[in-house]
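Input: a single structure, listed below in structure tokens.
Worth saying up front: this structure is predicted, and the values here are computed from it rather than measured. For the numbers below, each heavy atom of this structure counts, side chains included, while hydrogens, waters and symmetry mates do not. A, B, ... follow the sequence lines: proteins, then strands. Residue 1 opens every chain.
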2 protein chains.
Amino acid sequence: MPERIIKAFKNAEIEKISHLDYFNIAVSVDCVILGYEDKQLKVLLIKSDLEEFSGLNSLLGDLVRPDEDLDEASYRILRERTGLNDVYLEQVQTFGRLDRHPSGRVVTTAYFSLLDLHHHQLRLSHNDLRWHPINKVGKLAFDHKDILDSCLHRLRQQVLERPLIFSLLPEKFSLRQLQEVYEAILGTELDRRNFRKKVSLKDWLVDLGEMETDVPHRPGKLYKLNPGLKKRLRARLRVS
Amino acid sequence: MPERIIKAFKNAEIEKISHLDYFNIAVSVDCVILGYEDKQLKVLLIKSDLEEFSGLNSLLGDLVRPDEDLDEASYRILRERTGLNDVYLEQVQTFGRLDRHPSGRVVTTAYFSLLDLHHHQLRLSHNDLRWHPINKVGKLAFDHKDILDSCLHRLRQQVLERPLIFSLLPEKFSLRQLQEVYEAILGTELDRRNFRKKVSLKDWLVDLGEMETDVPHRPGKLYKLNPGLKKRLRARLRVS
DNA sequence: ATACAAATATGTACTTGAAACACATTAACC
DNA sequence: GGTTAATGTGTTTCAAGTACATATTTGTAT
């Protein structure tokens, strides 16, 4: 099999290099798993078990198995680490620096995913898994800080255009909650009145006719995501 | 070395699979090389030399060498295929479907690049290399049609925000030429007056004080890209 | 019961940017 | 020297975004 691939790529110079070398690159995926809590965007990190990075945290990743798609691999990681299945996941960028992994050549594809940190099905797989506020993430293992930053950059770019943000919220939410998530992601304050106008012009929200409870002030209306959009969100990965 | 990586990813389930299997995935890059000619956006394609795809064209790609970065690999392909060095290159997406390569498992990272199709240094490496108008690209080998589409999508998304487009043009160009390139990329017609207003508000252009020659009508002013932006364009890859 | 605090809900004026449209000017060509 | 086909520069209109104000509702403390 390997030889067939090499042959397929028929390149004079390639022949000089041992065929096996071409399979000396491992492929992994890394997931930037994001949640929202206490008015902060948080990322799920695990203590690195490599000596080289002792004391540092890292993203959640794994080698891609020979029989699985890249997207499948990242869904697997999500499932294994959080117990959640139906989450938003988007490929962002692939990192291939030669020295990015101390043990050898590993090319990794970064994904970010958004989930409801208080989802009743959420079961973290490991004691060393912790949610860290985005603003307080320091040095990370590997090039994971770069990966995190590039995912955050993509998220910020997309969040105003497409209804991603709802994956971070529970089924029912108030406009104030929604605004607070935007503010946490964008790192800015938004004008409440303009914000409400803007989202109500899109077709993203459905008024549930219910009210908040257990708030120490006048309760606001509760909304949910327009169900028509929910499908399209999940479907995106398969298509692109 | 391989074993160290496996160990580094310490995952109970992984151990069940033969270690070597993890290096049974090859990594490649594919370049969507775009140029502009005759009011059309064109992509550089080569006849596929795989039996499975006989008669079909494919993008230009190659396996990534064990000692080279992903970005380096795509620069190498560009250099080898076009003789050009100083071109715009941007990573877009990584494709990893199990059956995307008939000879085995190959994960490929797609890049698009923009170059001046009439550059004096352009030397196509191969007789089977041809420029194809993107509107007339039919079936391609592998999943290269998907790759092409995703690169075009990214290009269309970026072209209004950032001054990429100048890589497709010669050093000196008129506003009409510039507008025609935009129209070719976006597939729409633009209002000349609004277009001129819009670009002149950005700091992208420098008036050369020269005029077009050899045009069968009133010649227009010639411009060049603001030199300050040129550096930032090239630098982008390294940073992100 | 009532006043107060704090957040909801809705509305208006102003500014900026995009879209539609018009006309005078210049150079090549016959 | 008139015609043609572009260039070059407006203006008006409309939509979207920003800044800002006021009335309303509920919980809480007195």
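Phe95(B) has its side chain within reach of Arg100(B): a pair of non-hydrogen atoms, C-beta onward, lies under 4.5 Å apart.
Straight-line distance from the CZ atom of Arg196(A) to the P atom of dA19(D): 18 Å, rounded to whole Å. Here dT26(D) presents its P atom at 12 Å from NZ of Lys221(A), a figure rounded to the nearest Å. Between Leu222(B) atom CG and dG8(D) atom C1' there is a gap of 15 Å when expressed in whole angstrom units. One interatomic measurement links the two molecules: CG of Asp191(B) to P of dG10(D), which rounds to 16 Å at whole-angstrom precision. Going from atom CG of Leu160(A) over to atom P of dG17(D) covers 10 Å, rounded to whole Å. For the pair Gln177(A) CD and dA7(C) P, the computed distance is 14 Å after rounding to whole Å. Atoms CG (Leu175(A)) and C1' (dT10(C)) sit 12 Å apart, rounded to a whole Å. Atom CZ of Phe195(B) is separated from atom P of dA6(D) by 17 Å (rounded to the nearest Å).
DNA chain C is contacted by both Arg218(B) and Arg193(A); Arg193(A) maps to the nucleotide lying nearer its 5′ end (nearest heavy atom per residue). Across the interface with DNA chain C, nearest-nucleotide mapping of His217(B) and His217(A) shows His217(A) to be the residue nearer the 5′ end.
When heavy atoms are screened at a 4.0 angstrom cut-off, Arg176(B) is found touching the sugar-phosphate backbone but no base atom. Contact annotation for Arg192(B): base contact, defined as any heavy-atom pair under 4.0 Å involving a base atom. Across all strands, Lys197(B) comes closer than 4.0 Å to base atoms (heavy-atom distances).
Distance alone, capped at 3.5 Å, places no donor-acceptor pair between the Arg79(B) side chain and the Asn85(B) backbone. The closest donor-acceptor contact from the side chain of Arg176(A) to the backbone of Phe173(A) lies at 3.5 Å or more, if one exists at all.
In Lys202(A), the NZ atom is crowded: over 12 heavy atoms of neighbouring residues, nucleotides or ligands sit closer than 6.0 Å.
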